[in-house]
Participant: 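Here it is, the structure, as structure tokens.
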Amino acid sequence: MKLNELYKKLKSIHGSVGKWWPGTPEEIVITAILTQNTNWKNVERAMNNVKKRINENNILKELNSMPVEEIADLIKPAGFFNVKANRLKSLLEFLKSYDYNLGLLEKVPTNILRESLLKIKGIGKETADAILLYALEKPVFVVDSYTKRILERIFNIKICDYDEIQQLFMTYYPPNTSLYQELHGLIVEHAKKFCTKNPKCDKCPLNGDCYFSQMNRST
DNA sequence: CACCAGGCCCTAT
DNA sequence: ATAGGGCATGGT
């Protein structure tokens, strides 16, 4: 299978996942931090605590008005809560310079914005790109550990470098926000089901195309 | 009990 | 330049 066939194959297996990352843009900015190396279920618990505590329409501003200790307490279920509370603070301080207005932030050219996000302590490439793609609707492909695993298992492509993988996908797929949103979502959903860390790929519907399973069979 | 989850930063070679 | 440790909760 070629990389440019992955999207329609995954879609035929999992159906349409739409935008995939739930929540308003403001919530997505927050969950982008919360989900770092963390199960989504725990992210939801943490995010619910935040929403329960904040009834204002400007959730970003309200959250930033709270002391870090209080934020940490709210997001406890997401794990790494001290680290993440500080990372949220850094991000919110940055957003404050745009008056917590994501619509304003959207007007900044994507590459400039990405550089700014990467300067924030606690925001790496994946988190920055997740914010760009899902909160700000920029056509930037998000790479995560699942993406690397799928490249390795299905295509026998072993690349560690984030930018290289991103370039690979953005070469094979046109810059389309909905497409990138859905493709990343499909990759995650597929990998969670069929490409677990401990390789048990036997039930994977892509086995006929899967380089990894073919290697296993021949050995 | 061990291992994993929608990463990132800091430190020691 | 890059491997390794720390951060921490909840599910399997």
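Hydrogens, waters and symmetry mates play no part in the numbers below; they use all other heavy atoms, side chains included. In the text below, chain A, chain B and the rest are named by the order of the sequence lines, each starting its count at 1.
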Participant: As a quick check of understanding, evaluate side-chain hydrogen bond (donor to acceptor under 3.5 Å, both in side chains) for T31(A) and W21(A), giving each step before the final call.
Facilitator: CA-CA 9 Å; T31(A) 50; W21(A) 196 305; 3.0 Å; yes

Participant: In terms of side-chain heavy atoms of N42(A), which of dG11(C), dT9(C), dA8(C) is nearest?
Facilitator: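 Closest of the options to the side chain of N42(A): dT9(C).
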
Participant: Contact class for I123(A) (heavy atom, under 4.0 Å): base, sugar-phosphate, or nothing?
Facilitator: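 It contacts sugar-phosphate atoms only.
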
Participant: Whether the Y7(A) and K11(A) side chains hold a donor-acceptor pair (N or O, under 3.5 Å, no angle test) is what I'd like checked.
Facilitator: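 Yes, K11(A) and Y7(A) have a side-chain donor paired with an acceptor closer than 3.5 Å.
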
Participant: Name the closest nucleotide to the D144(A) side chain, picking from dA5(B), dG6(B), dC7(C).
Facilitator: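 Selected nucleotide: dG6(B).
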
Participant: Taking OP1 and OP2 of dT9(C), is either one under 4.0 Å from a side-chain nitrogen or oxygen of N39(A)?
Facilitator: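 No, because none of the side-chain N or O atoms of N39(A) sits under 4.0 Å from OP1 or OP2 of dT9(C).
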
Participant: Any luck finding a side-chain donor-acceptor pair between K89(A) and N64(A) under 3.5 Å?
Facilitator: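 There is such a pair between these side chains.
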
Participant: Between S145(A) and dG7(B), is there a contact of a side-chain N or O with OP1 or OP2 at under 4.0 Å?
Facilitator: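 Checking S145(A) against dG7(B): at least one side-chain N or O falls below 4.0 Å of OP1 or OP2.
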
Participant: R87(A) side chain: which of dA8(C), dC8(B), dG6(B) is closest?
Facilitator: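 Selected nucleotide: dC8(B).
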
Participant: State, without any angle test, whether Y134(A) and H184(A) hold a side-chain donor-acceptor pair at a distance under 3.5 Å.
Facilitator: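 Indeed, the side chains of Y134(A) and H184(A) share at least one donor-acceptor pair under 3.5 Å.
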
Participant: Of the listed nucleotides (dA8(C), dG6(B), dC8(B)), which one gets closest to any side-chain atom of T35(A)?
Facilitator: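 That would be dG6(B).
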
Participant: Would one find a side-chain N or O of R45(A) under 4.0 angstrom from OP1 or OP2 of dA5(B)?
Facilitator: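 Negative; the distance criterion is not met.
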
Participant: Tell me which nucleotide among dA5(B), dG6(B), dT9(C) gets nearest to the side chain of K76(A).
Facilitator: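 Output: dT9(C).
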
Participant: Distance check, C1' atoms only: dG6(B) and dG4(C), in whole angstrom units.
Facilitator: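 After rounding to an integer number of Å, I get 23 Å for this pair.
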
Participant: Need one value for K192(A): base, sugar-phosphate or nothing, where a base atom within 4.0 Å counts as base even if backbone is also close, heavy atoms only.
Facilitator: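 Counting heavy atoms under 4.0 Å across all strands, the contact made by K192(A) includes a base.
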
Participant: For K84(A) and T38(A), test the side chains for any donor-to-acceptor distance below 3.5 angstrom and give the result as yes or no.
Facilitator: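 There is such a pair (donor and acceptor under 3.5 Å, judged by atom type) between the side chains of K84(A) and T38(A).
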
Participant: Kindly confirm whether the side-chain ring of Y146(A) is stacked on the base of dG6(B), judged by centres under 5.5 Å and planes under 30°.
Facilitator: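 Per 5.5 Å and 30° rule: no stacking.
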
Participant: For a quick check of understanding: with a heavy-atom distance under 4.0 Å over all strands, which category does L34(A) fall into, base, sugar-phosphate or nothing?
Facilitator: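 The residue L34(A) makes no contact with any strand.
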
Participant: Ignoring the backbone of K121(A), work out which of dC10(B), dC7(C), dG7(B) is nearest its side chain.
Facilitator: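 It is dC10(B).
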
